[in-house]
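Have a look at the structure below before the remarks.
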Amino acid sequence: MTNPFSTHRVTNQPPPFEDVNLYASDAALQDAVTREGGGHAARSLVAFGLVCGSSDAGERARLVNENTPRLETHDRQGRRTDVVHYHPAYHELMEISCAEGLNCASWLGLVKKADESSADQQVARAAGFYLACQMEPGHLCPVSMTHASVPTLLLQPGIAETWLPKVVTRSYDARREPVDTKRAATIGMGMTEKQGGSDVLANTTSAEPAGGGAGGAGTEYLLTGHKWFLSAPMSDAFLMLAQTQAGPGCFLVPRLLPDGTRNELALQRLKSKLGNRSNATAEVELQRAHGWLIGEPGNGVAAIIEMVTQTRLDCAVSSAAMMRHALAQAIHHVEHRSAFGRKLVEQPLMIQVLADLALDVEAATALVFRLARSFDRRQDEHASAWQRLMTPVTKYWTTKIAPQLIYEAMECMGGNAYVEELPMARLYREAPVNAIWEGPGNVLALDVLRVLQREPDVARVVMDDLADAVGDDPHLKAALSRIESILHEPRLLDARARSLVEGLAALAAGTILRSHAPAAVADAFIATRLGSLNRQTYGQGVDWADTAAILQRASPDR
Ligand SMILES: Cc1cc2nc3c(=O)[nH]c(=O)nc-3n(C[C@H](O)[C@H](O)[C@H](O)COP(=O)(O)OP(=O)(O)OC[C@H]3O[C@@H](n4cnc5c(N)ncnc54)[C@H](O)[C@@H]3O)c2cc1C
């Protein structure tokens, strides 16, 4: 018999959003991946979508964020150890993501695995990254850096010979061993110092040739100085900038030396961070640490920029993915929750908000996969120009809109979303980091100006392609001429760089949606993001749009 005094009745709460196939339930993602050349991976993405959306994955994500990495600097006898301990679930997540090839898939052709196609791997791999990010974004920091290190490692054949076979492999090996005894290796990045992150030329860490030699490409140096943010400090090696007599050099600095002893990287402490908590970020002192020079002394920035460009793509993919996850959670919630006599999803004002959010998610998804395709096809002049100009543009826009979009999705779910048991609070805390690392907004905007000034042909190719794509759409045409008018006032470019970048992102997204998305999505995105409406929050300006069609497409429960 039920107890008449019991208050514990749970009603009007949605079923858990788990054991969802994050790929099969995402129409915009599937369309973007197929359109941009990743359709060959559809079967494995369906399988991976299930893994990433499983309740087991959700539990691992919770565990690694509640049981954050712990630094042990010394052993019980006082010897330095410099070890970071992670929860076992962190290693499981790393194994899952590496087995999927997120650490290496774009480069498998390099290590000659006959069964691995190298065609359009960036798109397929970006799709896996998009799914894994919805599983747990923090552990993807070392996964992303490892994947991104390959173009830089390739610049120095001797180093590539040792490290590539361990880096380009679908496996994960957390053992503390020198590289030649390991199955797989991960790579981190050390650029930022206390006095400067964006301005890497101000780096003070110095490098002198080891053993009194002359130094030069591929040779050993001793590095002295510090790094102020060194994420994934248990990586097997780091690509680090340090000053040689000829200017900054890029060095491969292994955590352990070939004889198994520790390299002189003293971890001082781990950062206590807003989000990104499953990922450790250390402050480190280098005391004559051994490093091997990649490329010529003085060419370090050019060498490491290869890695940075690749990680910028991942930041954009990650922001699009987190926005998608927040939207999917919100739609699922409102489809099952009622207030004032009907389902939230039927309330006209809620429909406006959700449909509006869905527009940015679809636009961001379209942009990041177009960008991923340009990485795959760099030998083509148009793709290569798109990659150069649109990498900073796409990273700028996707990473900047993510925090506000995630916040609005959180609000759609009410108080439940503010509580740690759902992933929304975690997503919200995680989102800003994608904008800060690998180049904050102003730095990206300045990078776009650099392209305009130093590589005008690149900018012209992209602008011509956009001009071809606007067709007869009046909003797209007007947006294009606004950008052209900014470009024709070089004196004011510095001050208008953000308008330019934001305008380029919205225009590019609008043209892709116009050509490929359902009309309901394209019409509403273009009218609200490129028309004259002045708005600061979501849920405005789409009252005339086919919001039912937009929501139907965005719903994970279609
Ligand atoms: C969680 C986390 C992990 C990180 N992990 C790593 C890592 O593994 N390796 C690593 O090397 N770094 C790492 N970083 C550091 C990160 O890359 C830097 O914080 C970032 O590059 C910005 O550098 P900064 O913090 O020194 O800021 P600054 O360079 O001082 O920039 C501050 C602000 O000034 C703006 N600004 C800079 N120059 C100009 C200009 N000329 N005009 C107008 N505005 C300008 C920037 O856009 C920014 O908004 C990490 C950071 C975080 C938060």
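Side chains are part of it too, since the values below use all heavy atoms of this structure and drop only hydrogens, waters and symmetry mates. Residue numbers run from 1 in the order of the sequence given. Numbering of ligands and ligand atoms starts at 1, following listing order.
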Is there a nitrogen or oxygen of [X] sitting under 3.5 Å from a nitrogen or oxygen of ligand 1?
X: T192; result: yes
X: W437; result: no
X: G441; result: no
X: M145; result: no
X: V433; result: no
X: S198; result: yes
X: G196; result: no

Exercise. Taking R277 for its side chain and K273 for its backbone only, find out whether a donor-acceptor pair lies under 3.5 Å.
Key: yes
Quiz item: Between W163 and A185, what is the shortest heavy-atom contact and its length?
Solution: CZ3-CB, 4.0 Å
Any idea which protein heavy atom is nearest [atom], and the distance to it?
atom: atom 8 (O) of ligand 1; result: S231 N, 2.8 Å
atom: atom 26 (O) of ligand 1; result: G197 N, 2.8 Å
atom: atom 14 (N) of ligand 1; result: F229 CB, 3.3 Å

Quiz item: Does the protein put a heavy atom less than 4.0 Å from atom 33 (C) of ligand 1?
Solution: no
Quiz prompt | Protein heavy atom under 4.0 Å of atom 5 (N) of ligand 1 | solution = yes
Quiz item: Name the one of M191, K194, Q268 that satisfies side chain to side chain contact (heavy atoms under 4.5 Å, CB included) with W228?
Solution: K194
I'd like to check which ligand 1 atoms, numbered from 1 as shown, lie under 4.0 Å from a non-hydrogen atom of [X].
X: K273; result: 1 (C)
X: T281; result: 3 (C)
X: M191; result: 10 (C), 11 (O)
X: P440; result: 22 (C), 46 (C), 47 (O), 48 (C), 49 (O)
X: M189; result: 7 (C), 8 (O), 9 (N), 10 (C), 11 (O)
X: N442; result: 43 (C), 44 (N), 45 (C), 47 (O)
X: L446; result: 40 (C), 41 (N), 42 (N)

Practice problem: Might you confirm whether atom OH of Y428 has over 12 heavy atoms from other residues, nucleotides or ligands at distances under 6.0 Å? | Solution: no
Quiz prompt | Near-ring test F369/Y130, centroid separation under 6.0 angstrom | solution = yes
Practice problem: Please round to the nearest 0.5 Å and tell me the distance separating atom CD of Q310 and atom CG of L313. | Solution: 6.0 Å
Self-check item: Inter-residue atom distance L265.CG - F238.CZ, 0.5 Å rounding
Solution: 6.5 Å
Quiz prompt | N103 side chain to R170 side chain, donor-acceptor N/O pair below 3.5 angstrom | solution = no
Quiz item: K227 and E193: salt bridge (Lys or Arg N to Asp or Glu O under 4.0 Å), yes or no, with the steps?
Solution: CA-CA 5 Å; K227 296 292 163 185; E193 299 186 359; 2.8 Å; yes
Practice problem: Would you mind finding which of I304, L274, I436 brings a heavy atom closest to atom 19 (O) of ligand 1? | Solution: I436
Exercise. Just do the salt bridge (Lys or Arg N to Asp or Glu O under 4.0 Å) check on E455 and R388 with the steps written out, would you?
Key: CA-CA 9 Å; E455 302 167 79; R388 177 65 192 97; 3.1 Å; yes
Self-check item: Six-ring centre of Y396, K400 cation under 6.0 angstrom, axis tolerance 45°
Solution: yes
Quiz item: What orientation do F251 and Y221 show, parallel under 30°, tilted 30 to 60°, or perpendicular over 60°?
Solution: perpendicular
